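Every value quoted in this text rests on a predicted model; they were computed, and no experiment measured them.
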Amino acid sequence: MKLVVLVLLVLIAFAANSVLGRMAIGWGYMDAMGFGLLRLASGAVALVLLVALQAARSRSKGAGETPVAAWKDALLGGAALTLYMIGFCLAYQGLDAGLGALVLFGVVQISMFGWGALRGSRTTAGQVLGALVAFAGLAYVVWPSGPVQVPPGAAALMTLSGLGWAAYTLLGRGAGDPLRASAMNFVVATLMMLPFMLFAAASLHASPEGILLAVISGAVTSGMGYALWYRVLPELQPAVAATIQLSVPIIAILGGFVFLAEPVGLRLALGTCAVLGGIALVIWSAPRAR
């Protein structure tokens, strides 16, 4: 039950990022790249402070020291997080939000299922069927009602973003200290993202409201959410971790209804049932230990 509660908190945090991003960028409070950078920097500051507080409370010798190997892991985690953030921010400038979610989570699913298979993680036929049902339900909810246009460049960027998030998720399965690992990843990703801001300098703009939303998204729903994600990942099979994330756009749509007064209807209800049913099938069909 504790694991279920923690996973639900993670999914709500991920969905809250979408709502906060739509508020900041969609309402013109801040540009996409600036929002992404401030989100990373705020998360880095919050996580570093928490790590320092954790080290101060620990009176064991060597508390606060970080081995060189941890920084090597942080370079990989930071690079994956940077790839996800940059691809995500740039892709949505030319890609419909619904199609973007499909490309992103489709790539994440395929990558994590494939990696799990390569690493010897057993995937049952029921899990594959459940993942397909959940993805079909998500497609039914977010598929645009008008003519579909998929710019190749934006789709490629979102594909890279999905690969970045899948890599970030898989790297988290080996994190010994989720809080410290997340803090180091955010610090490295913030530094890596700075050079890319030169290309977006002309479009940078921010208001107090946008800055506040970016800080909340970074320090709370990203920083704390990602650290918690690293906490629960070792207890989840890759197939399960990949599929449960398909519920994030559904939760985000519900959040948009509550906080942004965005319309919902029967389509959302039917699609949500399919997504939840598919996720339940994936979890129920997971191989049982003898």
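- A single hydrophobic cluster is seen to contain both L246 and W143, as judged by linkage of ILVMFWY side chains at heavy-atom distances under 4.5 Å, directly or through other members.
- Taking both residues in full, the closest heavy atoms of G78 and A189 are given as O-CB, 3.6 Å, listed atom of the first, atom of the second, then distance.
- Looking only at side-chain heavy atoms (C-beta outward), P238 and R119 stay at 4.5 Å or farther from each other.
- Note that CZ of R267 is 11.5 Å distant from OG1 of T272, once rounded to the nearest 0.5 Å.
- Under a 3.5 Å cut-off, the side chain of T124 and the backbone N or O of S285 do form a donor-acceptor pair.
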Using the side-chain contact (heavy atoms from CB on, under 4.5 Å) rule, take T221 and L20 through it: C-alpha gap first, then chi angles, then the decisive distance, then the call.
-> CA-CA 9 Å; T221 56; L20 293 169; 3.8 Å; yes
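- In this structure, CG in N185 is found 9.0 Å from CG in L76, a value given to the nearest 0.5 Å.
- Taking both residues in full, the closest heavy atoms of M112 and T169 are given as CE-CG2, 3.5 Å, listed atom of the first, atom of the second, then distance.
- Considering every non-hydrogen atom in both A74 and M184, the closest pair reads CB-CB, 3.7 Å.
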Step by step, work out the side-chain contact (heavy atoms from CB on, under 4.5 Å) result for S182 and W229.
-> CA-CA 9 Å; S182 299; W229 183 230; over 6 Å; no
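- Looking at every heavy atom in both residues, P249 comes nearest to A101 through CG-CB, 4.3 Å.
- Aromatic rings of Y168 and W165 (six-membered ring for Trp) have centroids within the 6.0 Å cut-off, being under it.
- Residues S222 and N17 bring a donor and an acceptor atom of their side chains to less than 3.5 Å of each other.
- No side-chain N or O of Q245 forms a donor-acceptor pair with one of Q109 less than 3.5 Å apart.
- Side-chain contact between M30 and E209 is absent, with no heavy-atom pair separated by less than 4.5 Å.
- Transitive grouping of hydrophobic side chains (ILVMFWY, heavy atoms separated by less than 4.5 Å) brings I244 and L6 into a common cluster.
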Walk me through it: do V133 and I279 pass the test side-chain contact (heavy atoms from CB on, under 4.5 Å)?
-> CA-CA 8 Å; V133 170; I279 291 173; over 6 Å; no
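- The CG atom of L281 sits 12.5 Å away from atom CG of L276, with the distance rounded to the nearest 0.5 Å.
- A single hydrophobic cluster is seen to contain both L50 and L9, as judged by linkage of ILVMFWY side chains at heavy-atom distances under 4.5 Å, directly or through other members.
- Counting all heavy atoms, side chain and backbone alike, V10 lies closest to G225 at CG2-O, 4.1 Å.
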Derivation of the side-chain contact (heavy atoms from CB on, under 4.5 Å) call for V220 and V215 = CA-CA 8 Å; V220 182; V215 170; over 6 Å; no
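- In this structure, A44 and T190 approach most closely via the heavy-atom pair CB-OG1, 4.1 Å.
- Taking 4.5 Å as the limit, some side-chain heavy atom of L90 sits within range of a side-chain heavy atom of M33.
- For the atom pair CG of D31 and CZ of F35, the computed distance is 10.5 Å after rounding to the nearest 0.5 Å.
- Residues F186 and F88 fall within the same hydrophobic cluster, defined by Ile, Leu, Val, Met, Phe, Trp and Tyr side chains chained together at heavy-atom separations under 4.5 Å.
- Interatomic distance, F14 CZ to L11 CG, rounded to the nearest 0.5 Å: 7.0 Å.
- Taking the centre of each ring, Y140 and F135 stay at or above the 6.0 Å mark.
- To the nearest 0.5 Å, atom CE of residue M197 and atom CD1 of residue I86 are 9.0 Å apart.
- There is no side-chain donor-acceptor pair under 3.5 Å between D177 and Y230.
- Hydrophobic cluster membership differs between L38 and L198, with clusters built from Ile, Leu, Val, Met, Phe, Trp and Tyr side chains linked at under 4.5 angstrom.
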